[in-house]
Every structure is written in structure tokens, then in C-alpha cells.
There are 2 protein chains.
Amino acid sequence: MTQTQFKQSPTCEHCALSRNCTEKTESNGFTANNPVLTHKIYHKGDNLYGAGDAFNALYIMRSGSAKACITSVDAQEQIVEFCFPGDLIGIDGFAQRQHAHTVTFLETSSVCYISLTSVNALLAQSEMGRQQLLGNMSNSLIHQQQQTMSFHCMTSTQRLAAFLLDLSTRLTHRGLSSHQLTLSMTRIDIANYLGMAIETISRLLTNMQQQGLIHVQRRQVTLLDINQLRSLCNNLADADNALIFAQNNGAFQLSSLGAQPLLQ
Amino acid sequence: MTQTQFKQSPTCEHCALSRNCTEKTESNGFTANNPVLTHKIYHKGDNLYGAGDAFNALYIMRSGSAKACITSVDAQEQIVEFCFPGDLIGIDGFAQRQHAHTVTFLETSSVCYISLTSVNALLAQSEMGRQQLLGNMSNSLIHQQQQTMSFHCMTSTQRLAAFLLDLSTRLTHRGLSSHQLTLSMTRIDIANYLGMAIETISRLLTNMQQQGLIHVQRRQVTLLDINQLRSLCNNLADADNALIFAQNNGAFQLSSLGAQPLLQ
DNA sequence: CGCTGACTTGAACAAAATCAAGGCTCGTGG
DNA sequence: CCACGAGCCTTGATTTTGTTCAAGTCAGCG
């Protein structure tokens, strides 16, 4: 897997992750006729797209973060994914040719743009391009299924620990500290995503802090004992198994968060 | 959406759903050099493939039923999907070039076979083929996310009702009665899939029977009042809303079960 | 006939939700 | 600069839901 997927001239040289983008313009608000300006800035609360919007592009997160939600008939919102730099966004649109999700930015962010035309051209031309897109979608599906499993098999403490660890892993891959997290989402978002009450999130964070696993100060979370957090997630029944499972260190780590990044 | 996806000569004319298959043979046990025998019979308990197996084909369920499972490090099994005739199986393999699921048949069943070579050829050649495969995968993802939402927002009664309704819908599309269900899976499978204890399943089925919503006799389930079952799923907070939501009849029905069939 | 696996039912228990109240921060306007 | 308000977050008490434990029942089968 190289970084050349979706590569066509001209490339988007401004991408933070050396992601190569195509397309000069589109009705989506991207500046026209400028081969370099294939990314666009959004602010906190802005939507990249909403459920029902026409599906005419895929996006790659360039910087910042976002949440992807689905909505039920009674307007209840469910966050299904948090997006970070490098993540591919928009594959929810292939099903109905319109988007099923609403993607909302959690902070000032920028995304790169790949028109469907480009995607189609790539798929027609490149075996590797096909593999990458299909692999990415398959990955997203499996991840979501593991998420389902975690709801059935894990306690709320374990789910929250897995969430923090996964956040750490994903941000580390993007060059940030693996211990020091700055949550861009509210407790409400976390609770929604993990399927718990916001009070439970609050209590569990306090508990974990009292046990010396983490340190919490508002949106700043420091992971103090990553190994213990990991063993907490792995052993499902017996606390005494902690030592046994400790050697599994990292072998089974639920990918609790959104889409796979395009590279890797 | 026509039924001609994956069509290449020679076609598999024996397919129950007029599904067109390609490929004469493969190492997978399909009979060699016979263009018609592109399907194979399996029996209850057989695996179509296991987690970690090489990914070299997609499959279409021809008759019978199956369950797809993922497994955690501690060998805990989680059913992520039930498969029925017409369903596309195997897209979990695109992520790692090997299967993430284990697919096990619940009864005597037959599946059609599409080699990866054929899939690739199709994707390279046909815009429509691409749209169908990507659409199918996108659908599976969205369905799985709705499943996630149902865990967070619905009570266990609602989840079970949604499960029965979806079973009914899927089997109706395959030409069977929409009221009379024959469950091919055990209570244990249902409990695993819905993330509940098997005792809870048993109790809820009894309750629903006492309320006149269904009739249960071992694996035979009759849906006696589909409308009330639907409103049960739709109204999340207040039982009095039943009348209001009744007019939504079918508007929001969680697709609680596996992959979309290939045709519509 | 007696075993086995699938299913049911009841009673006690635990985990997390809900209800209720208050505290902390930050932004806004006087 | 300070007061005020809104949203976000925390904490405690109570309640609900569904699990777990325990004890059967039922049907099919060697």
C-alpha cells in the first residue's frame, strides 16, 4: 500500500498527510480551476454533508475531526464514527446514491475532495485502486461488527477503556502523543457513540482516575497506565486474569473508532 | 437493478433466484469444468469458510440459511449476520485478503460461487457491476450501523420484535409467507445475535405470545399482529404513541438482519 | 428407557439508566 | 472588569432492565 492511490495529476500538494487528490472543482464549494486548492476549510458545527444529500464525492480528512451520524425516524441521532486525519469519508453514499450519514465537524478542519468521476475512473483503471477502496469498505464493515461485539461482551468500563486506547492508537499513527489526548468531542458525543448515559461516562472517568489509570482535566486526558488499560479490555470475566492476559499486550485491541485510514 | 449483475457466459441456470454466476471451477470443491454446476450443497454445521481462510471468491446463497460470526481473542463468538437466499457472502475478505468471518450453515443449503478473478473482471469492465458491489457493501455497513443504533435506543422487546419483522420481510421477498416463520437458528443464536441472554429471549417470546402478538411453537413462529409489532418497534418512549406512529406503518423498519440481497 | 440438547420459568442480583441537584467554564453584554 | 447565563460536566440516590443462578420441562434419539 503506497500513498499513490487516487493519484492523478494534478495532485493536492497541500495535504498534511501527503494524500494525493484529484479534481479541480465541484459544486461542493471547492474553489474552481485551481489544481492545488482541492481541500476546503470547515468550522466547528459545519456539516460536510447531510443524510439525503446527493452523493457525488468521497473525502479525505486532512486535519481536525468530525462525527458521522445516522438518524432514526424520531430524529434520534446515533454517532457511528469519529473521523480523524487520513480517514476516508463518504462511502455511506454508495448504497442509495445519496448519503446516509450526516458528517459534522467537531473543530476547525479541512478535507480533500475526490469526485465520483475520479473514483470511477480509478476503479476502471487500477486494480490497486479497486483493492484499496474495497478493502477500506470491508474494513469499515468489520470494524462496525467488532463494535457490535464489544457491546455484547464488554462492560461499560471496558468499552470506555477500549475507546480511549483506540483514540490513542489512531492519533499516534498521525504523529501525536500516545498518552496525551485532547478530546474534540463532548461527553455527550462519547456517551452517544458508546451507547451509555453521559453520567456513566463521567463516573467511569472519575473511577479510572482514582485507580491511577488516567488523568482527566476537562477535554485533556492523559493515559497513565496503558498496559493496565489494555488488560482491562482483554480479560472479560476474572480480574485475576489480568496478569495472564498482560502478555497479550496489544494482541487484541478493538478498533473502536471509525474508518481505517487510507494508507497502511 | 436488474438480475444481470455478474453475468458472464456461461451462466448458472440452476440458481433458484435466477442469479447468474460465472466460473466453472475452483479449488473450493466446486465441480470442475461444468458450467452449470457452479453451486454446491452444504449441510447443517458445515462451514463455507472460516476466519483466516484465503479470500478467493464471493458467494451467493441459493437456498437454506447460514450465520456469519466473528471471534474475539478469547474465542468468544459473535453472530453478525444471518444469510438467506439471494444474499451476497464474502465481502469481509476484501479487508485483509483473507476472511474475517466464519460462515456456518444452519441447515442443508446451496451456494453459488463467483471467483475473485471474475469479480475483478466485472469491476474492470462494468460501471454497473461496480455500482452494485459498492452499493451492496455500503448497504451492509449502514445496516450494521443501524443495528448499533438499535442496541442503544431499543429495549430488548423492541429488538426482538424488530428481528422477527425483519425476518418476515426478508423471507417474504423470497416468496415465503410473511406470517409463518420457521426459525432455522436456535434461541442461542438469536440471543447471541441480539446481544441478550437466552432466558430473556425465551421470556420475551412468551410475553409476546400472551399479548397475542405472536404464536410460538418451538421453531415455528406465527406473527399474529404485524402492525402492533411494528408500532412496538417505532415508539421508543411512550406506549400511547402507538396510534400516532401506526400511520408510519413500515416507514421505519430497522433492517435487523444481514446483507442486502443482490437484487433490489 | 434414559440421555442429551434445546427450551422454559422463577427468584435473586447487578449493572447501568434515570432522576435530581449542583458546580465549573466560557462567552457575552452591561 | 464583572455579572450573568448557557452549556457542559459531576455527583448522589433511586429505579429499572435484563443477567445470572437454579431448577425444571420437553422432544428426539441411540
Side-chain angles (χ1 to χ4, degrees), chain A residues 43-45 67 76-79 104 106-108 150-164 181-211 214-221 232 236-239, chain B residues 44-45 67 76-79 106-107 149-164 181-211 214-221 232 236-239:
Chain A
H43 296 287
K44 183 176 176 175
K67 60 179 176 181
Q76 202 147 11
E77 185 185 71
Q78 171 67 52
I79 299 172
T104 308
L106 300 173
E107 58 192 313
T108 298
S150 80
F151 286 118
H152 297 175
C153 305
M154 288 173 142
T155 65
S156 51
T157 308
Q158 291 175 319
R159 288 217 299 283
L160 182 57
F163 173 80
L164 292 175
L181 306 178
T182 302
L183 305 180
S184 55
M185 66 291 287
T186 66
R187 301 281 195 272
I188 297 173
D189 287 338
I190 299 175
N192 182 302
Y193 178 69
L194 294 178
M196 315 194 284
I198 148 176
E199 294 97 326
T200 306
I201 300 285
S202 198
R203 269 184 262 270
L204 292 177
L205 286 174
T206 304
N207 288 352
M208 290 165 95
Q209 176 159 244
Q210 284 168 351
Q211 289 169 36
I214 61 175
H215 179 257
V216 186
Q217 181 148 37
R218 294 186 54 74
R219 302 284 182 92
Q220 296 291 327
V221 176
L232 180 65
L236 296 103
D238 194 345
Chain B
K44 183 176 176 176
K67 60 179 176 181
Q76 203 147 11
E77 185 185 71
Q78 171 66 53
I79 299 173
L106 300 172
E107 58 191 313
M149 179 158 75
S150 80
F151 286 117
H152 297 177
C153 305
M154 288 173 141
T155 66
S156 51
T157 309
Q158 290 175 319
R159 289 216 299 284
L160 182 57
F163 173 80
L164 292 175
L181 306 178
T182 301
L183 305 180
S184 55
M185 66 291 287
T186 65
R187 302 280 195 273
I188 297 174
D189 286 338
I190 299 175
N192 181 304
Y193 179 69
L194 295 178
M196 314 194 285
I198 145 177
E199 293 96 328
T200 306
I201 301 286
S202 197
R203 268 184 263 270
L204 292 178
L205 286 174
T206 304
N207 288 352
M208 289 165 95
Q209 177 159 242
Q210 284 168 352
Q211 287 169 37
I214 61 176
H215 179 258
V216 185
Q217 181 149 34
R218 294 185 56 73
R219 301 283 182 93
Q220 297 291 328
V221 176
L232 180 64
L236 296 103
D238 195 345

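Proteins get letters first, then strands, A, B, ... in listed order; numbering begins at 1 in each. Please read all numbers here as calculations on a predicted model, not as lab measurements.
- Residue T200(A) places no side-chain N or O under 4.0 Å from the OP1 or OP2 atom of dA15(C).
- When each of dT8(C), dT9(C), dC8(D) is scored by its nearest atom to the side-chain atoms of T206(B), the top-ranked nucleotide is dT9(C).
- Rounded to a whole Å, the CE atom of M154(A) is 12 Å from the P atom of dA16(C).
- One can place CZ of F151(B) at 16 Å from C1' of dT19(D), the figure rounded to the nearest angstrom.
- Distance CD (E199(A)) to P (dA13(D)): 15 Å, rounded to an integer number of Å.
- For R203(A), taking side-chain heavy atoms from C-beta onward, the closest of the listed nucleotides dA13(D), dT10(D), dG18(D) is dA13(D).
- At whole-Å resolution of the value, CZ in R219(B) and P in dT8(C) are 10 Å apart.
- Contact annotation: S156(A) side-chain N/O to dA16(C) OP1/OP2 distance is under 4.0 Å.
- With rounding to whole Å, M208(A) atom CE is found 13 Å from dT10(D) atom P.
- When the options R203(B), Q210(B), M208(B) are evaluated for a side-chain contact (heavy atoms from CB on, under 4.5 Å) with T206(B), the one that passes is Q210(B).
- Taking side-chain N and O atoms only, R187(B) has a distance below 4.0 Å to OP1 or OP2 of dT8(C).
- Rounded to whole angstrom, the span from the CD atom of Q209(B) across to the P atom of dT8(C) amounts to 9 Å.
- The side chain of I198(A) sits closest to dT10(D) out of dT10(D), dA17(C), dG18(D).
- Taking atom NZ on K44(B) and atom P on dG5(C), their separation rounds to 13 Å, with Å as the unit.
- Across all strands shown, S202(B) has heavy atoms under 4.0 Å from base atoms, whether or not it also approaches the sugar-phosphate.
- Taking the side chain as every heavy atom from C-beta outward, M196(B) and R159(B) approach each other to under 4.5 Å.
- Taking atom CG on L204(B) and atom C1' on dT19(D), their separation rounds to 12 Å, with Å as the unit.
- In this structure, R219(B) and T186(B) have side chains that are in contact, with non-hydrogen atoms separated by less than 4.5 Å.
- Between I190(B) and L160(B) the shortest side-chain heavy-atom distance falls below 4.5 Å.
- For the pair V216(B) and Q217(A), nearest-nucleotide mapping onto DNA chain C gives the more 5' position to V216(B).
- Among all heavy-atom pairs drawn from I79(A) and N192(A), the shortest one is N-OD1, 2.8 Å.
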